[in-house]
Amino acid sequence: MSAASTSQAPMIEIRGVHKSFGELTVLRGIDLRIDPGTVTAIIGPSGSGKSTLLRTINHLEQADAGTVTVAGTLIGYRRRGDRLHQLAERDLLRQRSTIGFVFQDFNLFGHLTVLQNVIEAPLSAQRRKRREVEPLARDLLARVGLADKADEYPRRLSGGQQQRVAIARALALQPAVILFDEPTSALDPELVGEVLEVIAELARSGATLVIVTHEIGFARRIADTVAFMDGGQIVESGPPNSVLDHPQHERTRAFLSKVL
Amino acid sequence: MVGVRHPWRWVGIAAVLVLLAQLVHGFVTNPGWDWPTFGAYFVSATVLKALWVTVQLTLLGTALGFVLGTVLAAMRLSRSSFLRVVSWSYVWAFRSIPLIVQLLFWFNIGYLYQTLQVGVPFGPGLFSVQTNSLFGPMGAAVMGLALHQAAYAAEIIRGGIVSVDAGQLEAAAALGLPRRRQFFKIVLPQAMRSILPNGANEVISLFKGTSIVSVMAIPELFYQVQVIYGRNGRVVPLLMVATVWYIVLTTALSILQHYLERRFGRGSERHRGQSAVHRLRSGLAAIKAKATESAVTGR
Ligand SMILES: Nc1ncnc2c1ncn2[C@@H]1O[C@H](COP(=O)(O)OP(=O)(O)OP(=O)(O)O)[C@@H](O)[C@H]1O
Ligand SMILES: [Mg+2]
C-alpha cells in the first residue's frame, strides 16, 4: 500500500456531483479525491448510490451537476472558457477506454471466446495491432490464472472464472484506473476468494482501484481509503482502521453493526 | 435389463407404418398420379425458367424486405419519437393489408398515377416517367412482396435486438467500443440467435407466398404450371411438379438455416450442441464403425 501524499495530483477528482432519477435524488453533492496507486473501497447500504457514483466516474451515468476528472482529464465535457460543453459520443468513448469497469454480473460477450473478449476493446477502441495485443491478452489471462481457457466460451466457465476474464478484459485497455461494482456479489461463496485474490494482486502492483463492495474484511485488508455512503452522500471516509474500527458517525456505526 | 414397456407406442408405430405403406402403394399404382407426365415436365425448360422467376422473387423480396426491415427496426428503437411513430405506423399498415390486395394495388398503380414526376413539391416537374414502364409486373410483384416482408422483418429484427441483455451494450460502452462496433460486433450477432429461426420462417413463407403473384400473370412456378395444365388438362401431375419443387427448395433453405444457426449459436450453450443432423451423423458413423468391426472380426 502506498502512502497518499496530498501534494500529488489526484488520479480521480469528483466535485459536487448530484444525480437524480426523476423524483428520486440518488447523489447529493459528492466530493472525493483519489490519489494514484491507491485502493478505495466504497461501502454502504443498498440503494445509497454506490453504483450510481461509480457509473458517473466513467460517464455511464451523466451527473446533473458537478464534475469528474480522471488523470487530469475532465470526463464527458470540454471546458471552453468557464462553460462546459458535452463531448461528442466518439470522444466520450475514447475517454472510457482509459477507465476499466468490472460489472457485478461480468457482462462478458457470450458469443466471443475468452481471448476475443479480452482483445476486442484494444483492437477496436484503441486501434492497436493484433500481433501486439494478443500476446498481451495471453499474459493477462495467465495473470488471472486462466491461460488454458483462452479459446473457451464464457458460458462454460464458472462465475469466478468469468469474473477473472472480465478483469483481464478491463486490464487489456491498460487503464489509468479500474472501477469494480460489487465484483463478487454474483458469485457462490466458494468462488469469491479467487476473484478477491486477483484484485488484491492488482492492488499490490500499484494500480488505482475503486471498489464498491460488501466484503468489509476484504476492504479492511487491501483498501487505503474506505468511504462510507448513505443517502447519496459520503458520510465519512478515511483509512480502514478509522472508518471501520472507530467510526465517527452514528450512521456508519449502525451500518457496520449490521454487516460485521 | 428390462426397460419400461410401452405397448401403445408399438401400436401407434404399426398404424403409421400401415398408413404410409398405403400412401406409397397409392402413389405407385394409382394411374391418376401420371408419373410419366410428371417426369416429362419436372425438369423441362419452361418449368425451370418459371422456377428461376420464383427464386428471383424470393431473393429480391427477402433482400429488399430485410434491408427495409432493418431500417424500420432501427427507427423503432431510435431516440426520436417521430421515427418511432413512422416505423410503428408502417408495420401497422402493412400487416393489416392482405398481401394479395396489396399486390393488386401495385399492379394497378398505373391506373392511379400515370406518371411519376420528379420536381418541386406541388410545383413544376423536372422530369417524369410512365409509371407502367417503371413498374413492370415483375417490379410491382417484387415491390409488393418486399414491402410486405419488411413489416414482418422489422418486428423480428427488433425483437431479436431487444432480446439481447442490456448488460452487453453497457459493457461495450464501458470499454469504449465505437458505436457501430457495439451494434454490429456485439449486439447484432447475439440478436441473430432469435432473428434467424423466425427470419427463416419468413423467407420460407415468402418463397411459397410467391405463388400468390400468379394473380398478376407473372410466369413464376405456380402460374406456369397452371398454364400448362390448362393446355393439356393433366392437373394432378403438374401440381405435383410444383409441389416437389417447393419441397426441394424449402428443404434447401432449412439446411441453410441449420448451418447459419449453428454459426451464430456459438457460445450460447454450455455443452457442444447436439443437433439432429449431428446426431444423425454420429449415429451413421457408429453404425459404420460397427460394420467394419464385425467385418474385421469376421462375424
Ligand atoms: N437507471 C435508473 N433509473 C431509475 N432509478 C435508478 C436507476 N439506477 C439506480 N436507480 C435508483 O437509484 C438508487 C441508488 O441506486 P444504486 O444502484 O446506485 O444503489 P447501490 O448503493 O449501488 O445499491 P446496491 O448495494 O443495492 O447495489 C436506488 O434507489 C435505485 O433504485
Ligand atoms: Mg450497486
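Every chain is numbered from 1 and lettered A, B, ... according to where its sequence line falls, protein lines coming before strand lines. Since we're looking at a predicted model, the values are computed, not measured.
With respect to A:Glu194, the side-chain hydrogen bond (donor to acceptor under 3.5 Å, both in side chains) criterion is satisfied by exactly one of A:Arg164, A:Gln161, A:Gln163: A:Arg164. Considering A:Thr38, A:Val70, A:Ile34, A:Thr40 as possible partners of A:Val177, the one that fulfils the side chain to side chain contact (heavy atoms under 4.5 Å, CB included) test is A:Val70.
From B:Arg263, atom CZ reaches atom OH of B:Tyr259 across 15.0 Å, with rounding to the nearest 0.5 Å. Rounding to the nearest 0.5 Å gives a distance of 12.0 Å between OG1 of A:Thr73 and CG of A:Asp91.
Per-residue counts of heavy-atom pairs under 4.5 Å with chain B were compared for A:Ala125, A:Ala121, A:Ser97, A:Ser124; the largest is that of A:Ser124.
Between the side chains of A:Gln116 and A:Glu120, not a single donor N or O lies within less than 3.5 Å of an accepting N or O.
Only the side chain of A:Phe101 comes within less than 4.5 Å of a heavy atom in chain B; its backbone stays farther off. For a residue to count as touching a neighbouring chain, one of its non-hydrogen atoms must lie under 4.5 Å from one of that chain's; by this rule A:Ile99 touches chain B with the backbone only. Residue contact with chain B, scored on non-hydrogen atoms closer than 4.5 Å, is absent for A:Leu179. With a threshold of 4.5 angstrom between heavy atoms, A:Arg55 approaches chain B through side-chain atoms but not through N, CA, C or O.
Residue-environment remark: CZ (A:Arg130) stays at or below the threshold of 12 foreign heavy atoms within 6.0 Å.
Along residues 162-201 of chain B, the residues that come nearer than 4.5 angstrom to chain A, judged on non-hydrogen atoms, are B:Asp165, B:Gly167, B:Gln168, B:Glu170, B:Ala171, B:Ala172, B:Ala173, B:Ala174, B:Leu175, B:Gly176, B:Leu177, B:Pro178, B:Arg179, B:Arg181, B:Gln182, B:Lys185, B:Ile186, B:Pro189, B:Gln190, B:Arg193 in order of number.
When the salt bridge (charged side-chain N to carboxylate O under 4.0 Å, His left out) test is applied to A:Glu13, the partners found at least two apart in sequence or on another chain are A:Arg15.
Within the 4.5 Å cutoff, the side chain of A:Thr184 has no heavy atoms near those of the A:Phe218 side chain.
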